[in-house]
Amino acid sequence: MYTDPIVVNDAIFIKAIAYKTGFPHSAVTSSSYVISQVVAPVFDPEAGNLLAGAEISLSSTTADAVIYYTSDGTDPSCDGSGTSTQYTAPLSDNTEGTYTYKAIACKTNYLDSTISTSIYAVSMVGVVNTPTFSQLAATYTETQLVSISSSTEGAVIRYTDDGSVPTCSTGTIYSTAISIANPGLTLKAIACKINWTNSSVATASYTITGTVAAPTFNLVAGTYTSTQSVTISSATSGAVIHYTIDGS
């Protein structure tokens, strides 16, 4: 006996007849329904070993399907509940370990897809990204502070400023910005990480030019009636001042 709407979630063929006391029953009517299901998402690359930072893409061949995924092994849902996240851009992991991704594809008036699962073993073995300098190699008119960095997390940077080529065991370990004053110098840097392939050596040459600002005295020249303390300074950062008191 019909009392509530019939949920149609698969191919179905419905037949119905109507009765009423004192009336001849109706003819039998029928209707068939086919519900389309969204094609399950596909992971690219497939499950297996993966280099840290490598991108994982998700797609479904059902046009306009929306994909939700989880990375903690739980089942995703089309309502975004739990740890489900809508897929909008390639995924990646930068920490070594095993990751279980699950994904589901959804579309209005379609059955949700089945859940796809892909497990990745992420390793840290790779090529360290080449160091970059905060200041472009160029000619400047004042002292420069140059920072060195690598986008590879945990990489150690070594550098030289005497023209020699640094290695992962030679050169100065970078820790703070390097001050470059007149006349300048050439920095070379390499980034290293255990079990990774060393980065290429980056080079940047800096030239510092210009005229040092003349020294100034804090007291105006003149005659005074008591002992005075005279300080001398230059507006050029890092300038060294020499003085005489005998007129030479």
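Counting begins at 1 with the first residue of the sequence. Remember, it's a predicted structure, so these values are computed and weren't measured experimentally.
- No side-chain donor from either of Ser150 and Asn129 sits under 3.5 Å from a side-chain acceptor of the other.
- Contact of the Phe43 side chain with the Ser116 side chain is registered, since non-hydrogen atoms from C-beta on lie closer than 4.5 Å.
- More than 12 heavy atoms of other residues, nucleotides or ligands shown are found within 6.0 angstrom of CZ on Phe13.
- Taking the side chain to side chain contact (heavy atoms under 4.5 Å, CB included) definition, one finds that Ser199 meets it with Val128, Thr130, Pro131, Ile190, Ala191, sequence neighbours left out.
- Minimum interatomic distance between Glu55 and Pro45 (heavy atoms only, all atoms of both residues): O-CD, 3.5 Å.
- Heavy atoms of other residues, nucleotides or ligands lying less than 6.0 angstrom from CG of Asp79 number more than 12.
- Put simply, the side chain of Ser60 never gets that close to the backbone of Pro41: no donor and acceptor are under 3.5 Å apart.
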request  = Decide yes or no on side-chain contact (heavy atoms from CB on, under 4.5 Å) for Val165 and Thr160, but give the supporting numbers first.
outcome  = CA-CA 7 Å; Val165 178; Thr160 60; over 6 Å; no
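- Listed for the Ser84 side chain is a donor-acceptor partner under 3.5 Å among the backbone atoms of Ser77.
- No hydrogens or angles considered: a donor-acceptor pair under 3.5 Å links the side chains of Gln228 and Ser226.
- Checking side-chain atoms of Ser134 against main-chain N and O of Ser147 turns up a donor-acceptor pair under 3.5 Å.
- Note: the hydrophobic cluster containing Val122 also contains Tyr69 (ILVMFWY, side chain heavy atoms under 4.5 Å, direct or indirect links).
- Other residues, nucleotides and ligands contribute at most 12 non-hydrogen atoms within 6.0 Å of the CZ atom of Phe23.
- The backbone N or O of Ala65 sits nowhere less than 3.5 Å from a side-chain atom of Thr62 that would complete a donor-acceptor pair.
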inquiry  = Please determine whether side-chain contact (heavy atoms from CB on, under 4.5 Å) holds for the pair Tyr243 and Ile232, giving the CA-CA distance in whole Å, both sets of side-chain angles, and the decisive distance to 0.1 Å.
reply    = CA-CA 9 Å; Tyr243 71 95; Ile232 313 172; 4.1 Å; yes
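- Counting heavy atoms from C-beta outward, Ser92 and Ile56 have side chains that stay 4.5 Å or more apart.
- A disulfide bond (SG atoms under 2.5 Å apart) check over residues 30-102, counting only residues at least two apart or in different chains, returns the pairs Cys78-Cys106.
- For the pair Pro76 and Ile115, the minimum side-chain heavy-atom distance is below 4.5 Å.
- In this structure the side chain of Gln37 reaches within 4.5 angstrom of the side chain of Thr114, judged on heavy atoms.
- Using a 3.5 Å distance cut-off with no hydrogens or angles, the side chains of Asp44 and Ser57 do not pair a donor with an acceptor.
- Between the side chain of Gln135 and the backbone N or O of Gln144, no donor-acceptor pair lies under 3.5 Å.
- Separation of atoms CG (Asp161) and NZ (Lys188) is listed at 11.5 Å; rounding is to 0.5 Å.
- Distance alone, capped at 3.5 Å, is enough to place a donor-acceptor pair between the Ser118 side chain and the Ala47 backbone.
- Annotation: the span from Gln86 atom CD to Ile67 atom CD1 amounts to 9.5 Å, rounded to 0.5 Å.
- Surrounding CG of Asp246 are more than 12 heavy atoms belonging to other residues, nucleotides or ligands, all under 6.0 Å away.
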inquiry  = For a side-chain contact (heavy atoms from CB on, under 4.5 Å) check, start with the C-alpha distance between Tyr110 and Thr108, then their side-chain angles and the critical distance, and finish with the verdict.
reply    = CA-CA 5 Å; Tyr110 279 63; Thr108 303; over 6 Å; no
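- Distance alone, capped at 3.5 Å, is enough to place a donor-acceptor pair between the Arg158 side chain and the Cys168 backbone.
- If you check the side chains of Thr70 and Thr83, you find no donor sitting under 3.5 Å from an acceptor.
- Neither Val66 nor Leu58 shares a network with the other; the hydrophobic side chains, linked directly or stepwise wherever heavy atoms of I, L, V, M, F, W or Y lie under 4.5 Å apart, form separate groups for each.
- Clustering of Ile, Leu, Val, Met, Phe, Trp and Tyr side chains at separations under 4.5 Å places Tyr140 together with Phe133, Leu136, Val146, Ile148, Ile157, Tyr159, Tyr174, Ile178, Ile180, Leu185, Leu187, Tyr206, Ile208.
- Side-chain polar atoms of Tyr101 and Asp93 form a donor-acceptor pair below 3.5 angstrom.
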